[in-house]
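Quick notes on the structure that follows.
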Amino acid sequence: MNLADALMSLNPAQREAVTAPAGHVLVLAGAGSGKTRVLVHRIAYLADVEKVDPWRVLAVTFTNKAASEMRARAGTLLGQAERGLWAGTFHGICHRMLRQHAPHAQLPRNFQVLDQDDQLRLVKRVMREMGLSDEDLPHRDAAWFINSSKDEGRRPEVLDAQGQPRRRLQIEIYQAYEKLTRLLGVVDFAEILLRTQEMLLTQREILGHYQRRFAHLLVDEFQDTNAVQYAFVRVLAGEHAQVFAVGDDDQSIYGWRGAKVENVQAFTRDFPKVRTVRLEQNYRSTGTILAAANAVIACNSERLGKNLWTDDKAGALIEIFSGYNEVDEARYVVGRIKASMEADRRPSESAVLYRSNALSRLIEENLIAQRIPYRVYGGLRFFERAEIKDALAYLRLANSPNDDASFERIVNTPPRGIGEQTMQAVRQHANAHSLSLWQSATSASLAAKMTGRARNALTAFAGILQDIRARLEGATLSDAAEHAITLSGLRAFYEASSDSKAESRVENLDQLISAAGSYVFNDEDVAAGLNELESFLANAALEAGDGEADAWEDCVQLMTLHSAKGLEFACVYIIGLEDGLFPSGRSIDDPARLEEERRLMYVGITRARQELLLSFAESRRIHGQEHFAVPSRFLKEIPAELVREIRPRLNVSRGFTPAPRAPRMQLEEPQTLFKLGQSVKHASFGRGVLVSAMGSGENTKLLVNFETVGPKLLMANVAKLEAAA
DNA sequence: CGCCGCAGGCTTTTT
DNA sequence: GCCTGCGGCG
């Protein structure tokens, strides 16, 4: 593609950003304003006009998906020249730097990356060794503390307990955890960043090397950077590199994970002469949707200020549905999706968004009942699945026998009679003689102390591993995976299992074999001294893969509001809009956190291109308990003229609901009320007369005397009654 | 050792 | 309502 043509296709603000002269640039890019486009064009512009070798450009994103999209789009603009461009996630880039300079970061050459689950296991182990249980401090809290400290760039030594016993405990666990991870030579996600940063600060030659190389740093989603990531950009930029930061303070929704919106402002302060460009023209949503988004986000006080506008026409009104309960809500939403499909919309054009994963269940049930294909995002990704990690652990242990974490993971998976008792002995023997678990388990001196049964079990396990190892030599990656899965007994174990999930586990294991077969061994890992298997294993944690192993299908999309960021859909349904749920009850009392929730709402609204439906339920079962809720405050922040409110057809009148709650929303549509003695129609029972009503709210039951089937007791919110003449 | 049953717990999660 | 962790029993 011709760059001039490409530049002409940009709007003035986009063009200003893309063609900005030498210096730092901050692009405040509103939702749907073409920020990826700007980033990609900037890379092309630098190459084409400024004659910057793409090799000297580093583009940083947060997700692998965004990184590969950027690479692909830069490729279409640049052609061959795109090769050499370093585009990746913060973690991917730092990981690569650590691999390259492992010894300078005090890491073994084939150090391992711990994912969340691995980390938690290690925290548990550390706490167990300290004599602490989950009751002293929940394991999750301890892991959380460690991660947020690292995100802030803090090592345990610089932390102060501030006289708080709980905090002291957290610091002690962090300290012990750190000691253990260094001993094992493993790094968690936060450590990848922090360790890289520390390496750059202490190893001047390495820093100089990268500073000389990178003339341009482009950072996507700048509002999501945490303290360490910001410091990384700063130190890498040094005095000479130009930083092109793109972000939207209104879409900062990861504050709870250490992201600092303040970095956006800090950028203009810490870097000299920053040129700020605002992208405010939105190319995604209708005027109505945009107006709603603007109105909601305007309720936040901490903003850099931006107002989205569009050339698009107003479009349909936003619908607000108020259901009696979650069942009602789900039925309505799925009904609407079905109707839109009947109007020739593809399933994948609709997305149901929610604040918390638990809300997907009922929607799923209804979609299944309606035979609508759907896909739930989130949950475990491919390489996070237990069976996959088990198989990888066999490969790891076969490749490096002294990998204790892998040993612990699979020594008794599938069950082979090596229990806690035996493992205690193995660990103790290892500790006493400074051996790895593998060395300990296979040592003759330990065997001598063991009972026959335990000894046999350990010998059998060792035999399996040796078998796998023997077949590693010269085998393709997929053969190696195949052997690990088969010889370990994992496949046989799941095939024999009657568990409902076992079948999909076997499928996943097969998927692993094909994933191994299509793995591309990269030059950097060769240069870092890894063999193909090590390279494959190293990348598994970092690129955990997609939520589903299946190929993309034309499905209704279900996901949390968080994971919807960056995506767009023709029709968006945001459910569970109740105070306490969204905004989350945990954020409601804290103004700063409430603003983050509001930004989440803003993100949700701006995902919609054409249609937006917001729904809440007056009562909802949460954790098995009935809760009555007030509609989300965010609903009231949307101007009434943009909204059409919908109530279910059947509304129980005051006549037989003893204590109706005051309606919070002004209802524009007339309610259809049923009176005692009225003729009604039911989908399957036909005509009848409403005889009596009992109970209240969600539990309201109606007694209807049907002409054909006689009297029936119906749940008011389930039976779709219509008034009959 | 390993299975089963019960009690308690619980946002969001790019990497 | 569903997953996790622990305690008891076969």
Side-chain angles (χ1 to χ4, degrees), chain A residues 60-67 88-95 113-120 124 133-135 138-141 143-144 147-148 150-151 187-193 220-221 223-226 228-229 251 253-259 326 353-362 365 377-381 383-384 412-423 451 453-454 457 499 501 539-547 559-567 576 580-588 593 596-597 599-600 603-604 620-626:
Chain A
V60 198
T61 63
F62 276 83
T63 65
N64 291 311
K65 200 174 151 201
T89 62
F90 275 103
H91 291 85
I93 286 158
C94 291
H95 176 242
V113 177
L114 305 176
D115 69 15
Q116 253 177 42
D117 176 64
D118 301 326
Q119 183 189 37
L120 195 63
K124 284 178 187 168
S133 80
D134 201 57
E135 284 172 28
H139 298 128
R140 288 190 177 280
D141 284 17
W144 179 275
N147 289 332
S148 44
K150 289 188 182 183
D151 286 345
V187 294
D188 56 48
F189 287 135
E191 184 73 27
I192 291 177
L193 303 177
D220 194 11
E221 307 278 19
Q223 77 285 348
D224 287 339
T225 51
N226 65 29
V228 172
Q229 287 159 338
Q251 290 188 71
I253 54 173
Y254 285 105
W256 53 275
R257 252 187 112 285
E326 75 280 16
L353 310 182
Y354 33 79
R355 178 65 236 263
S356 84
N357 284 308
L359 295 189
S360 73
R361 234 195 78 250
L362 263 185
E365 283 175 13
Y377 284 74
L380 286 187
R381 274 181 279 273
F383 283 103
E384 290 168 356
N412 202 31
T413 311
R416 51 173 69 89
I418 304 173
E420 198 42 43
Q421 233 30 47
T422 311
M423 275 309 290
T451 63
R453 206 164 72 159
D499 192 286
K501 291 180 199 142
N539 287 297
L542 234 47
E543 287 176 45
D546 232 330
M559 67 189 83
T560 62
L561 287 143
H562 281 91
S563 35
K565 193 169 74 144
L567 306 177
L581 248 189
F582 186 27
S584 154
R586 303 201 178 193
S587 307
I588 253 165
R593 293 178 66 171
E596 181 154 310
E597 296 280 318
R599 293 193 289 270
L600 195 53
V603 166
R620 182 183 299 275
R621 256 186 128 74
I622 301 170
H623 313 315
Q625 277 271 298
E626 198 75 15

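So that the names make sense, note that chain A is the first sequence line, chain B the second, and so on, each numbered from 1. Computation of the quantities below employed the complete heavy-atom set of this structure, encompassing side-chain atoms and omitting hydrogens, waters and symmetry-equivalent molecules. Note that the structure is a prediction, hence the values are computed from the model and not measured.
Between dT12(B) and K565(A), no contact under 4.0 Å exists linking OP1 or OP2 to a side-chain N or O. Contact check, T63(A) against dT15(B): no side-chain N or O comes under 4.0 Å of OP1 or OP2. Residue N64(A) places at least one side-chain N or O under 4.0 Å from the OP1 or OP2 atom of dT15(B). An OP1 or OP2 oxygen of dT14(B) is reached within less than 4.0 angstrom by no side-chain nitrogen or oxygen of S563(A). Close to dC2(C), at under 4.0 Å from its OP1 or OP2, lies no side-chain N or O of N357(A).
The side chain of E597(A) approaches dT11(B) more closely than any other nucleotide in the set dT12(B), dT14(B), dT11(B). In this structure, the nucleotide among dT13(B), dG1(C), dT12(B) sitting nearest to the side chain of R257(A) is dT13(B). Taking only side-chain atoms of P415(A), from C-beta outward, the nucleotide of dC2(C), dT13(B), dG2(B) with the closest atom is dG2(B). Minimum atom distance to the side chain of W144(A) is reached by dT12(B), of the listed dG2(B), dT15(B), dT12(B).
Judged by atom type and distance alone, E543(A) does not reach the base of dT15(B) through any side-chain donor-acceptor pair under 3.5 Å. For dT12(B), the base has no donor-acceptor partner in the side chain of R586(A) [N/O atoms by modelled type, under 3.5 angstrom]. Residue side chain R381(A) does not reach the base of dT15(B) through any donor-acceptor N/O pair under 3.5 Å, judged by distance alone.
Ring stacking holds between W256(A) and dT12(B), with the centres under 5.5 Å apart and the planes within 30 degrees of each other.
In this structure, D224(A) places its CG atom 8 Å from C1' of dT14(B), rounding to the nearest Å. Atom-to-atom, CG of N226(A) to P of dT13(B) comes out at 18 Å; the value is rounded to the nearest Å. Straight-line distance from the CD atom of Q116(A) to the P atom of dT4(C): 14 Å, rounded to whole Å. Atom CG in D117(A) sits about 16 Å away from atom P in dC3(C), given to the nearest Å. For Y254(A) and dT14(B), the OH to P distance is 6 Å, given to the nearest whole Å. Between the CD atom of Q229(A) and the C1' atom of dT14(B) there is a distance of 10 Å, rounded to whole Å. When rounded to the nearest whole Å, the span between CE of M423(A) and P of dG2(B) equals 12 Å. Rounded to an integer number of Å, the gap from L359(A) CG to dC2(C) C1' is 14 Å.
As judged by a 4.0 angstrom heavy-atom cut-off over every strand, S356(A) is placed among residues touching the sugar-phosphate backbone only. Nucleic acid contact for D134(A): none, since no nucleic acid atom lies under 4.0 Å from a heavy atom of the residue. The residue F90(A) sits apart from the nucleic acid: no heavy atom pair falls under 4.0 Å. Residue contacts for R593(A): at a heavy-atom cut-off of 4.0 Å it reaches a base atom on one of the strands shown. Among the atoms of the strands shown, only primed sugar atoms or phosphate atoms (P, OP1, OP2) are found under 4.0 Å from some heavy atom of T422(A). At a threshold of 4.0 angstrom between heavy atoms, the contacts of E221(A) with the nucleic acid are absent.
In terms of position along DNA chain B, the nucleotide closest to A358(A) lies nearer the 5' end than the nucleotide closest to the other residue of the pair A358(A) and E384(A). Mapping G417(A) and H623(A) onto DNA chain B via the closest heavy atom, the residue that lands nearer the 5' end is G417(A).
Checked by atom type and distance alone, the side chain of N412(A) pairs as donor or acceptor with a backbone atom of I418(A) at under 3.5 Å. Not one N or O on the side chain of D188(A) forms a donor-acceptor pair closer than 3.5 Å with the backbone of L114(A). Proximity of a side-chain donor or acceptor of H91(A) to a complementary backbone N or O of L542(A) within less than 3.5 Å is not detected. When atom types are taken as modelled, the side chain of Y354(A) and the backbone of M559(A) share a donor-acceptor pair closer than 3.5 angstrom. The main-chain N or O of S584(A) is found under 3.5 Å from a side-chain atom of E597(A) such that the two form a donor-acceptor pair.
dT11(B) has its base syn relative to the sugar, with a glycosidic angle deviating from 0 by at most 90°.
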Working note: D224(A) + K565(A), criterion salt bridge (charged side-chain N to carboxylate O under 4.0 Å, His left out); need CA distance, chi angles, decisive distance, verdict. CA-CA 12 Å; D224(A) 287 339; K565(A) 193 169 74 144; 2.4 Å; yes
Salt bridge (charged side-chain N to carboxylate O under 4.0 Å, His left out) between E596(A) and R593(A): does it pass, once the steps are laid out? CA-CA 5 Å; E596(A) 181 154 310; R593(A) 293 178 66 171; over 6 Å; no
